[in-house]
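Every value quoted in this text rests on a predicted model; they were computed, and no experiment measured them.
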Amino acid sequence: MAEPRCSGRSRLAAFIAVFVALFTSGRATPQVPLLFWSSDGLPPLASTTAGHITTNDQLSAYFTSAFGSASHTVLLFLQDKLSKDDFTVFGGVFGNKQESAFKNLEAALHSSSSSLAVPAMEWTDSSVILTLLQEKLGVSPLLVDADTLSQLSINTSVSNLLLINLPYCTGLHKSCKEVLQNNDEIMGKVLNIMKAKDVPYTAIYTGLQPSRVISETSVPNQSVGRSLLQAPTPTPAPVTPPIIYNQSGPCIMLWAKNLNVSLPGNSSWIDLAADRPSLAGSMCNETDSLLVLTYTSGLVLRFAMSNRRYPVSARHWFTLDTVELQVDGRTASFSGTRGIYAPAEYSFHCQSVSSFQDALLVPGSGQNVSQWRLNFVDFQIQGFGLTNGTNFSYASDCAGFFTAGIWMGLLTSLLMLLIFVYGLHMIMQLNTMDRFDDPKGPSISVPQSE
């Protein structure tokens, strides 16, 4: 699979050399690299020939030998996309170390007691690495960042799987090199925090999917005659873990399939759910919670929640009081107290939370609704009573038991029933004649006095 790395800066140079060999001679199958280093030590790997692609079964067997006994704290740096070309282009491998985008990563590999490189790992599903680590460690991943990790108390007597999501360049705001340099700084901060806490750890750096896939040009094994073509089965999109703010344990959770925002002067939507924000400035207590999401693009989302007891229902309810969107010193505020609420021990869920259509988020006075818009898809939040660890409590959904269409149908049916009952009543009140004329006898005389 890969060779143990053993000496100084030559480790990264050898790592990149293997990447180049794979680039020129390997098969054109989707593959992602994997870097593996530890403060305690790692079991050796059997050396293989150049161009070898590590399979999932081989990686699972190595994880079994590495995490088969005792407890381990694993840091998984999971980047949205990663390929060996990212190291060859931005790694400064041609002697120009000052231009490298992986300075902290090189320092970590150099200072670790042992490290391993898997230049080409078979990529079949974006959740393979996370699933294997969960299976071998027997724990669920905990999503953290540098800010929350510094406040988190790590119990080394049990295994821990700490997930740090890293973005990849999208070409909208920053270049790929700037994004990779920011990711390298985040890794440096996290590793420094672990050293300060004096917690032994094993770190893994890899990607959810390859950033570049080279198509195969030679097709010697394909038949020349007619064949039935079938569209390939699309790979399911990876499920993003929820955002968790920890303060002596998890106290705020948020998840959304899409966090779409529209800014003044730009009619297009920006989806923030794909990025992993910083949680600096967040806080929580028994009565108030504030979740601050600061993104690398400069956008800031604030969710302010409160927990109050209402005598009418004789229980505590939490409400999403305000949602604030800030960019370039400008702030737009939206109120959610009218429709976003749930019992304090529950979470709130809604398929669509928007500020412009069936609005649950009401814009503040004096704001131009057409310029500031929010649209959260499959939105779920909980700011109090997180007793299930890293899982949401029972969800109170925004969809009521009776929608407007159901009420219209019921009222129309009731009106038709009333008309039917009234008509039936009128028919039952009709009286038939009790006297009839006899054509052979005298005519009936009806006195006017009767």
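- In summary, of the residues considered (L259, D275, L263), a side-chain contact (heavy atoms from CB on, under 4.5 Å) with L299 occurs for L263 alone.
- Contact record, G207 with L78: C-CD1, 4.1 Å, taken as the closest heavy-atom pair.
- Taking every heavy atom of both residues into account, M194 and L149 meet most closely at SD-CD2, 4.1 Å.
- Using modelled atom types, no side-chain atom of T294 and backbone atom of V300 make a donor-acceptor pair closer than 3.5 Å.
- Under a 3.5 Å cut-off, the side chain of E106 and the backbone N or O of A108 do not form any donor-acceptor pair.
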Before you tell me yes or no, could you show the steps for S282 and L290 under side-chain contact (heavy atoms from CB on, under 4.5 Å), namely the whole-Å CA-CA distance, both residues' side-chain angles and the distance that decides it to 0.1 Å? CA-CA 5 Å; S282 303; L290 176 63; 5.8 Å; no
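- For the atom pair CZ (R309) and NE2 (H316), the distance works out to 6.0 Å, reported to the nearest 0.5 Å.
- Considering only heavy atoms from C-beta on, L180 comes within 4.5 Å of Q79 through its side chain.
- Side-chain contact check for C350 versus L360: some heavy-atom pair is nearer than 4.5 Å.
- Between the side chain of T206 and the backbone N or O of P33, at least one donor-acceptor pair lies under 3.5 Å.
- Taking the side chain as every heavy atom from C-beta outward, D397 and Q351 never approach each other to under 4.5 Å.
- Residues N260 and V377 have side chains in contact (heavy-atom distance under 4.5 Å, counting atoms from C-beta outward).
- Side-chain atoms of S393 do not come within 3.5 Å of backbone N or O of S347 as any donor-acceptor pair.
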Please evaluate residues L59 and V128 with respect to the criterion side-chain contact (heavy atoms from CB on, under 4.5 Å), reporting the C-alpha separation (whole Å), side-chain torsions for both, the decisive distance (0.1 Å), and the verdict. CA-CA 10 Å; L59 188 63; V128 169; 5.6 Å; no
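- Listed for the D86 side chain is a donor-acceptor partner under 3.5 Å among the backbone atoms of S83.
- Taking a 6.0 Å sphere around CZ of F67, one finds it holds more than 12 heavy atoms contributed by other residues, nucleotides or ligands.
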Stepwise side-chain hydrogen bond (donor to acceptor under 3.5 Å, both in side chains) test for E324 and T331: CA-CA 7 Å; E324 291 184 354; T331 303; 5.6 Å; no
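- For S100 (side chain) and F102 (main-chain N/O), a donor-acceptor pair under 3.5 Å exists by modelled atom type.
- The CD atom of E286 sits 12.0 Å away from atom SG of C251, with the distance rounded to the nearest 0.5 Å.
- With rounding to the nearest 0.5 angstrom, the CZ atom of F384 is 7.5 Å from the CZ atom of F318.
- Other residues, nucleotides and ligands place no more than 12 heavy atoms under 6.0 Å from the CH2 atom of W407.
- Minimum heavy-atom separation, K195 to S111: NZ-OG, 4.2 Å.
- Under the 30°/60° scheme for interplanar angles, the aromatic rings of F303 and F376 are found to be tilted.
- Note that CD of Q209 and OH of Y168 are 10.5 Å apart. Values are rounded to the nearest 0.5 Å.
- When atom types are taken as modelled, the side chain of S262 and the backbone of R373 share no donor-acceptor pair closer than 3.5 angstrom.
- Applying the side-chain contact (heavy atoms from CB on, under 4.5 Å) criterion to K189, with sequence neighbours excluded, gives A146.
- A side-chain donor-acceptor contact under 3.5 Å links S289 to the backbone of G383.
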Step by step, work out the side-chain contact (heavy atoms from CB on, under 4.5 Å) result for W37 and Y201. CA-CA 9 Å; W37 70 96; Y201 66 91; 4.0 Å; yes
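- Minimum heavy-atom separation, L137 to N160: CD1-O, 4.2 Å.
- Checked by atom type and distance alone, the side chain of T319 never pairs as donor or acceptor with a backbone atom of G336 at under 3.5 Å.
- Qualifying salt bridge (charged side-chain N to carboxylate O under 4.0 Å, His left out) partners for D184, counting only residues two or more places apart in sequence or in other chains: none.
- Residues passing the side-chain contact (heavy atoms from CB on, under 4.5 Å) test with P241, sequence neighbours excluded: L143, L163, N165.
- Checking side-chain atoms of N155 against main-chain N and O of S157 turns up a donor-acceptor pair under 3.5 Å.
- Taking a 6.0 Å sphere around CZ of R308, one finds it holds more than 12 heavy atoms contributed by other residues, nucleotides or ligands.
- One distance of note links CG of L272 with CG of L293; it measures 8.5 Å at 0.5 Å rounding.
- Taking E345 as the reference, R315, P343 meet the side-chain contact (heavy atoms from CB on, under 4.5 Å) condition, with sequence neighbours excluded.
- Closest of all the heavy-atom pairs between S115 and S112 is CB-OG, 3.8 Å.
- The list of side-chain hydrogen bond (donor to acceptor under 3.5 Å, both in side chains) pairs with a residue in residues 134-148, not counting sequence neighbours, reads S60-K136, T64-K136, D145-T148, D147-S278.
- Side-chain contact check for S355 versus W372: every heavy-atom pair is 4.5 Å or farther apart.
- To the nearest 0.5 Å, the span separating OG on S396 from CD on Q382 amounts to 11.0 Å.
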Decide yes or no on side-chain contact (heavy atoms from CB on, under 4.5 Å) for M187 and I164, but give the supporting numbers first. CA-CA 9 Å; M187 287 191 286; I164 301 95; over 6 Å; no
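- When side chains are defined from C-beta on, D378 does not count as touching N258, because their heavy atoms never get closer than 4.5 Å.
- Residue pairs satisfying the side-chain hydrogen bond (donor to acceptor under 3.5 Å, both in side chains) criterion with at least one member in residues 242-254, sequence neighbours excluded, are listed as follows: Y245-Q247.
- Minimum interatomic distance between L105 and F87 (heavy atoms only, all atoms of both residues): CD2-CE2, 4.0 Å.
- The side-chain heavy atoms of L191 and N104, taken from C-beta on, include no pair separated by under 4.5 Å.
- The number of heavy-atom neighbours closer than 6.0 Å to NZ of K257, taken from other residues, nucleotides and ligands shown, is 12 or below.
- The shortest distance between side-chain heavy atoms of L82 and Y205 falls below 4.5 Å.
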